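Single-structure report; data block below.
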Amino acid sequence: MLRGVLGKTFRLAGYTIQYGCIAHCVFEYVGGVVMCSGPSMEPTIQNADIVFAENLSRHFYGIQRGDIVIAKSPSDPKSNICKRVIGLEGDKMLTSSSSSFFKSHSYVPTGHVWLEGDNLQNSTDSRYYGPIPYGLIRGRIFFKIWPLSDFGFLRDSPNGHRFSDD
Amino acid sequence: MAPAQGWARRYIKAFCKGFFVAVPVAVTFLDRVACVARVEGASMQPSLNPGGSHSSDVVLLNHWKVRNLEVRRGDIVSLVTMGHKNRYVKVPRGHIWVEGDHHGHSFDSNSFGPVSLGLLHALATHILWPPERWQRLQSMLPPERLPVQSEDQ
């Protein structure tokens, strides 16, 4: 009787470990479903939307300008942020607000990216904490699952960034 | 014939079953718990690699201990590379690549990239002081830093 229960417990533990490891490998190297919170990417991604993120692009250095990425937050490494890539390494970024008279620029250093939320008035992004290292990027968001009224691939930036393809 | 085919099919089935258990578990262990790595270079001497390139240390990289991102001053840590796309860089025409001799302890082209030749203003040729170190500086390229491919070849 006890042997039966013990055997079943071990088998259950074994299956848990195996499927947990498979889940880790899938989330780490392929992709997964993510729920976003916060207003910084409106109207492209609203609060409590569910999106699909893929992790293949960052391993193959395929992140491009205009991609929406999930990254570890530079101010709180245990939480994630969800922003759009506006500049890659070497790009010249406008750091002063577009309305000020004296415009200041800075270059994105090697190994870094410049992120901005689509909701420019309500987004803490690289305009606040500067460019972030490429290694903080966890994955690329490319598809929205929920709400069903907005099902499909994500739109381009509403802020009129024109990215030249080089 | 039939028993042999049955044997092969059962073998393949067992192999796949083992494969899909072993690979995810091993990958998860190496990503989340610990893995080993060989230390390259002299930037951590004398703690790591005191023997230079003759005997490289092998260290245990402990992921489990930093799962809560808690480190203390003095800990030796391993960092994700900043994500440089290329290990190799092509130095453009009219530019030079400069490096300090103490690789890793030097703010040089590894940090700011190739330098335009127009910025070159002098060559250091001699050590003048202290008198016991009077010498002519030799032009020397460390063999491990030779260009992978150069135009004069």
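Quick caveat, the model's predicted, so the values are computed rather than measured. Chain identifiers are assigned alphabetically (A, B, ...) following the order of the sequence lines, protein sequences preceding nucleic acid strands; residue numbering begins at 1 within each chain.
- Note: A/Lys78 NZ to B/Arg67 CZ = 10.5 Å, rounded to the nearest 0.5 Å.
- In this structure the side chain of B/Thr28 reaches within 4.5 angstrom of the side chain of A/Cys25, judged on heavy atoms.
- Criterion: ILVMFWY side-chain heavy atoms under 4.5 Å apart, direct or through other members. Under it, A/Val85 and A/Ile68 are not part of a common hydrophobic cluster.
- If you chain together hydrophobic residues whose side chains sit under 4.5 Å apart, B/Ile12 and B/Phe20 never meet in one group.
- In this structure, A/Glu28 CD and B/Asp31 CG are separated by 5.5 Å, a value rounded to the nearest 0.5 Å.
- Clustering ILVMFWY residues whenever any of their side-chain heavy atoms sit less than 4.5 angstrom apart, transitively, puts B/Val36 in a cluster other than the one holding B/Leu61.
- In terms of the side-chain hydrogen bond (donor to acceptor under 3.5 Å, both in side chains) criterion, residue partners of A/Asp150 (sequence neighbours excluded) are, by chain and number, A/Lys144.
- Interface residue A/Tyr29: only side-chain heavy atoms are found under 4.5 Å from chain B.
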